[in-house]
Protein chains: 2
Amino acid sequence: MGTSERKKREKLKRRDSIIDAAEKVFFSKGFEATTMDDIAEQSELSKGTLYLYFKSKEDLHLAVAMRSIKILNRLTEGLASQAQNAIDKLNTLGHTFISFAKQYPGHLQSILHVESIDFRQLSLSKTELKHVIFKESPVRMVMELVQQGVSEGIIRKDISPGIIANMLWTQMLGLFQFVNFQKSLFEMVDISEDEMFENYMELVLSGVRS
Amino acid sequence: MGTSERKKREKLKRRDSIIDAAEKVFFSKGFEATTMDDIAEQSELSKGTLYLYFKSKEDLHLAVAMRSIKILNRLTEGLASQAQNAIDKLNTLGHTFISFAKQYPGHLQSILHVESIDFRQLSLSKTELKHVIFKESPVRMVMELVQQGVSEGIIRKDISPGIIANMLWTQMLGLFQFVNFQKSLFEMVDISEDEMFENYMELVLSGVRS
DNA sequence: TCATAAAATGACCGCTGGTCATAACTAACA
DNA sequence: TGTTAGTTATGACCAGCGGTCATTTTATGA
């Protein structure tokens with residue numbers, strides 16, 4: 001009988017519902033200000049139960065971030081096989097990222113968190129975590145498009161595609177940071193967000209053309 | 001009589017010595033793992049005294065970061081008035097940043113921290129803090145050099161210098177991040193750090209040339 | 001209905017950032 | 001020098017947190 005299968009499904013459901021709850025609280029109060037008791041209350045479970053599914057608050061945070069990354073990846077899948085040249089696709093990718101950032105600011109926040117983890121201070125046992133994060137990171141899509149561009153001959157081949165892709169992704173993260181946090185620091189009230197984004201993309205992409 | 005002056009000096013000295021102690025502990029254990037008692041012990045003061053000079057652990061961290069920023073700024077001052085063209089100066093600036101990153105990894109870490117503060121979650125009363133940080137930020141030097149470049153006609157003028165400068169600074173922060181944390185994530189063992197840096201600079205700067 | 005295992009609970013713990021009543025020290029004057 | 005007013009330093013203390021675990025509750029299968 002499929003009892004154990006059902007149990008497994010239910011366990012996953014419960015895990016998911018905890019992530020749901022954590023998302024709500026993290027996104028509204030911020031990660032640091034959120035307590036495990038908050039999440040327990042929101043999920044209608046006891047605190048102890050949370051620790052049956054996640055081994056720490058940070059672990060739960062990572063789960064939230066991984067889900068965010070999956071959402072972002074879903075928005076961009078299929079792009080690589082579209083009938084455009086690679087640079088246009090990179091442009092589209094950039095637009096997708098930006099609209100994601102606007103639509104899901106909380107999710108974006110969590111992605112920025114995992115992408116800036118200080119791996120030096122991570123215990124060695126967590127090496128696999130690095131690989132999981134990297135494997136799922138949206139930078140993969142960027143790299144694929146860059147490689148396409150090199151094949152098409154419209155992206156410079158004198159610099160390693162890995163470096164180019166990382167630069168583009170870094171730039172994307174920087175733009176997120178900029179739009180979300182630091183916009184007010186600059187005295188550029190006379191430029192719209194969209195305009196700024198176009199400028200950014202133009203600036204960044206003009207460096208990679210062959 | 002200069003009694004009160006001497007007192008003021010001594011207060012500043014004490015403040016400085018606390019920052020010294022905090023640096024040591026932060027840089028060796030990391031910010032989160034450091035307790036105020038650690039710093040109290042290192043500074044040979046009681047915990048209560050620390051709170052006479054800094055109103056919170058984060059405040060102390062900011063003081064450490066501001067000192068780091070000052071060190072970095074000192075390394076680059078005078079660059080603007082040198083007899084090179086602006087793009088060469090930007091290149092030099094990049095090299096200076098990189099060697100700073102290598103020489104003072106702890107200081108760099110603290111700078112990355114303040115540069116990525118989530119200002120949305122900062123109370124309004126701390127608006128001045130934003131300005132202080134921005135005013136001291138090394139991005140100022142970048143902006144000055146970009147403006148020089150525009151005047152010289154070697155940097156494109158169709159995009160606002162503010163955006164260009166921010167892109168370059170963002171890129172610098174991203175490169176720091178990359179070198180320090182994520183290098184191992186990429187399978188590019190066959191490229192030296194210096195080579196990678198040169199590629200990076202070339203890539204970034206080629207986008208800003210007019 | 002009962003026995004076994006799995007899941008959930010919440011009282012509890014140790015540690016941390018931060019506070020505050022008290023103490024120690026300093027400086028100026030009588 | 002003794003007194004006093006003000007400043008600086010102390011460390012016992014607190015509340016809140018992440019995390020644990022002995023106990024209870026629930027689900028399963030015969």
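Proteins get letters first, then strands, A, B, ... in listed order; numbering begins at 1 in each.
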Q. Between C/dT16, D/dT10, C/dT9, which one does the side chain of B/S46 approach most closely?
A. D/dT10
Q) Among C/dA7, D/dT20, D/dC17, which nucleotide sits nearest the side chain of A/K11? A) C/dA7
Grab the [atom1]-[atom2] distance between [X] and [N] for me, whole Å please.
{"X": "A/E5", "N": "D/dT28", "atom1": "CD", "atom2": "C1'", "value": "15 Å"}
{"X": "B/D37", "N": "C/dG14", "atom1": "CG", "atom2": "C1'", "value": "13 Å"}
{"X": "A/K29", "N": "D/dC17", "atom1": "NZ", "atom2": "C1'", "value": "12 Å"}
{"X": "B/L50", "N": "C/dT19", "atom1": "CG", "atom2": "C1'", "value": "13 Å"}
{"X": "A/M36", "N": "C/dG10", "atom1": "CE", "atom2": "C1'", "value": "14 Å"}
{"X": "B/Y51", "N": "D/dC13", "atom1": "OH", "atom2": "C1'", "value": "14 Å"}
{"X": "A/L52", "N": "D/dT24", "atom1": "CG", "atom2": "C1'", "value": "14 Å"}
{"X": "B/E41", "N": "D/dT10", "atom1": "CD", "atom2": "P", "value": "13 Å"}

Q | Between A/Q148 and A/K89, a side-chain donor and acceptor under 3.5 Å | A | yes
Q: Scan side-chain atoms only and decide if A/D38 and A/T35 contain a donor-acceptor pair under the 3.5 Å cut-off.
A: yes
(Q) Both A/R14 and B/T49 contact DNA chain C. Taking the nearest nucleotide for each, which residue is further toward the 5' end? (A) A/R14
Q) Are the side chain of A/S68 and the backbone N or O of A/L108 linked by a donor-acceptor pair below 3.5 Å? A) no
Q. Between A/K24 and A/I39, is any pair of side-chain heavy atoms under 4.5 Å apart?
A. no
Q | Separation of A/L90 CG from A/Q84 CD (nearest 0.5 Å) | A | 10.0 Å
Q. Heavy atoms under 4.0 Å, any strand shown: does A/Y53 hit a base, just sugar-phosphate, or nothing?
A. sugar-phosphate
Q.
What's A/K47 touching, base or sugar-phosphate or nothing? Going by heavy atoms closer than 4.0 Å.
A. base
Q. Taking for each residue the nucleotide of DNA chain D bearing the nearest heavy atom, is the 5' side occupied by A/E10 or by A/K57?
A. A/K57
